[in-house]
*Asks:* 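Below you will find the structure I want to go over with you.
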2 protein chains.
Amino acid sequence: MTVSLQVLRSETPDVLTANCPTRVVLDHVTSKWGVLVLAALADGTLRWGELRREVDGISEKMLAVTLRTFESDGLVHREAYPEVPPRVEYSLTPLGLELCEAMSPLLTWVVANAEAVLAR
Amino acid sequence: MTVSLQVLRSETPDVLTANCPTRVVLDHVTSKWGVLVLAALADGTLRWGELRREVDGISEKMLAVTLRTFESDGLVHREAYPEVPPRVEYSLTPLGLELCEAMSPLLTWVVANAEAVLAR
DNA sequence: CTGAATCCCCGCGGATACTG
DNA sequence: CAGTATCCGCGGGGATTCAG
């Protein structure tokens with residue numbers, strides 16, 4: 001494990017400072033359901049109902065709140081079709097896709113090491 | 001941006017399932033102060049007071065709670081020296097270091113794109 | 001089917017005071 | 001210096017109802 005931490009070190013002064021804009025974004029992403037909703041959308045476009053079933057355990061309210069936050073952040077795109085019955089599709093914007101790719105190593109690590117961490 | 005999302009896709013079924021062990025670990029990491037405390041310790045060993053000042057805005061209670069969680073997770077090592085006045089040092093375990101390295105891309109992205117996200 | 005709106009509770013997390 | 005103990009406000013988040 002000889003990966004350099006230079007990048008991480010150089011950016012920490014920003015992230016660690018209160019009232020820094022990065023705090024807000026980090027709070028959105030690390031909000032209770034933020035990571036999971038983004039991960040679900042990494043699969044591609046999903047409808048409301050699919051998203052609700054995909055992210056196991058999320059309530060309708062929190063799904064709505066989380067989606068609206070990401071939509072106003074420009075991370076998630078919402079496309080409503082004027083049909084009966086209504087159909088609404090959610091997908092990642094290019095920015096959201098970048099974020100998901102940046103999250104990928106973290107998720108990979110968590111999946112790989114969850115057992116090791118909880119074994120204590 | 002041609003990074004493959006194969007890994008992310010293949011692991012999402014795990015992360016997205018309620019009562020999955022990965023949920024617990026993910027909750028610890030994405031807890032309000034989790035990422036910031038880990039990022040601070042990526043710089044190396046820190047004393048309690050240094051840590052408190054480094055993670056701007058954290059209360060003593062939440063620092064204690066967060067540290068104890070990570071310590072019992074095996075991500076942070078606590079070393080107390082029987083001196084007067086007392087001195088306690090916190091550092092990442094090898095496992096914690098791995099986690100920080102996995103978090104690095106996310107933090108890098110957040111720092112780089114915070115402005116873009118908040119500009120709306 | 002896709003939500004918005006409302007009520008309400010519990011527990012996260014902050015502030016303060018105290019101790020070894 | 002390095003915490004622990006206690007109180008408590010408030011907002012995250014669940015359940016339910018209603019609407020387009």
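A note on names: the letters A, B, ... follow the listed sequences, proteins ahead of strands, and every chain is numbered from 1. As a basis for the values below, the full set of heavy atoms in this structure was taken, side chains included, without hydrogen atoms, waters or symmetry mates.
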*Asks:* Measure from CD on A:Glu50 to C1' on C:dG3 and round the result to the nearest Å.
*Replies:*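 Rounded to the whole Å, the gap is 16 Å.
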*Asks:* Can you find a pair of side-chain heavy atoms, one from B:Leu41 and one from B:Glu54, that are under 4.5 Å apart?
*Replies:* no
*Asks:* Nearest whole angstrom, please: distance from the C1' of D:dG12 to the CG of A:Leu36.
*Replies:* 16 Å
*Asks:* Side-chain contact, heavy-atom cut-off 4.5 Å: B:Leu36 with B:Ile58?
*Replies:*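 Not in contact.
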*Asks:* Take atom CD of A:Glu79 and atom C1' of C:dT2, then tell me their distance rounded to the nearest Å.
*Replies:*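 The distance from CD of A:Glu79 to C1' of C:dT2 comes to 15 Å, rounded to the nearest Å.
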*Asks:* Whole-Å distance between C:dG3 C1' and A:Glu83 CD?
*Replies:* 16 Å
*Asks:* How many whole angstroms separate atom CD of A:Glu54 from atom P of C:dT2?
*Replies:*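 From A:Glu54 CD to C:dT2 P: 14 Å.
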*Asks:* Do A:Glu98 and B:Asn113 make a side-chain contact, defined as non-hydrogen atoms from C-beta onward lying under 4.5 Å apart?
*Replies:*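 Of all side-chain heavy-atom pairs linking B:Asn113 with A:Glu98, at least one is under 4.5 Å.
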*Asks:* Side-chain contact, heavy-atom cut-off 4.5 Å: A:Glu101 with B:Trp109?
*Replies:*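 Of all side-chain heavy-atom pairs linking B:Trp109 with A:Glu101, none is under 4.5 Å.
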*Asks:* Output the residues of residues 55-69 of chain A in contact with DNA chain D, where contact means a heavy atom of the residue under 4.0 Å from an atom of the strand; sort by number or write none.
*Replies:* A:Ser59, A:Lys61, A:Met62
*Asks:* Could you tell me whether B:Arg52 contacts a base, only the sugar-phosphate backbone, or nothing, with contacts defined as non-hydrogen atoms closer than 4.0 Å?
*Replies:* nothing
*Asks:* Regarding A:Tyr81, tell me which of base, sugar-phosphate or nothing describes its non-hydrogen contacts under 4.0 Å with the strands shown.
*Replies:*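 Since no nucleic acid heavy atom lies under 4.0 Å of A:Tyr81, the category is nothing.
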*Asks:* Below 4.0 angstrom from OP1 or OP2 of D:dA2, is there any side-chain N or O of B:Arg87?
*Replies:* no
*Asks:* Between C1' on C:dC1 and OH on A:Tyr90, what's the gap in Å once rounded to a whole number?
*Replies:*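 Atom-to-atom, A:Tyr90 to C:dC1, this comes out as 12 Å.
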*Asks:* Detail all sub-3.5 Å separations between protein N/O atoms and N/O atoms belonging to nucleotides 18-20 of chain D.
*Replies:*
none

*Asks:* Answer yes or no: does a side-chain N or O of B:Trp48 lie under 4.0 Å from OP1 or OP2 of D:dT4?
*Replies:*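 Answer no for this pair, as no side-chain N or O of B:Trp48 is under 4.0 Å from OP1 or OP2.
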*Asks:* Atom NZ of B:Lys32 to atom C1' of D:dC10: distance rounded to whole Å?
*Replies:*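 Taking NZ of B:Lys32 and C1' of D:dC10, I get 12 Å after rounding.
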*Asks:* Is any side-chain heavy atom of B:Thr66 less than 4.5 Å from a side-chain heavy atom of B:Val55?
*Replies:* no
*Asks:* Please answer whether the main-chain N or O of B:Val15 pairs with a side-chain N or O of B:Arg23 as donor and acceptor at a distance below 3.5 Å.
*Replies:*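 Answer holds: yes.
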*Asks:* Ignoring backbone atoms, establish whether B:Arg47 has a side-chain N or O less than 4.0 Å from OP1 or OP2 of D:dC1.
*Replies:* no
*Asks:* Are side-chain heavy atoms of A:Leu16 and B:Asp56 found at a separation under 4.5 Å?
*Replies:* no
*Asks:* Are more than 12 heavy atoms, taken from residues, nucleotides or ligands other than B:Glu115, located less than 6.0 Å from that residue's CD atom?
*Replies:* no
*Asks:* With a cut-off of 3.5 Å and sequence neighbours excluded, list every side-chain donor-acceptor pair involving residues 69-82 of chain B.
*Replies:*
from    : atom 1 : to      : atom 2 : distance (Å)
B:Thr69 : OG1    : B:Val65 : O      : 2.9
B:Ser72 : OG     : B:Thr69 : O      : 3.2
B:Asp73 : OD1    : B:His28 : ND1    : 3.4
B:Asp73 : OD2    : B:His28 : ND1    : 2.5
B:His77 : NE2    : B:Glu79 : OE1    : 2.8
B:Arg78 : NH1    : B:Tyr90 : OH     : 3.4
B:Tyr81 : OH     : B:Glu89 : OE1    : 3.3

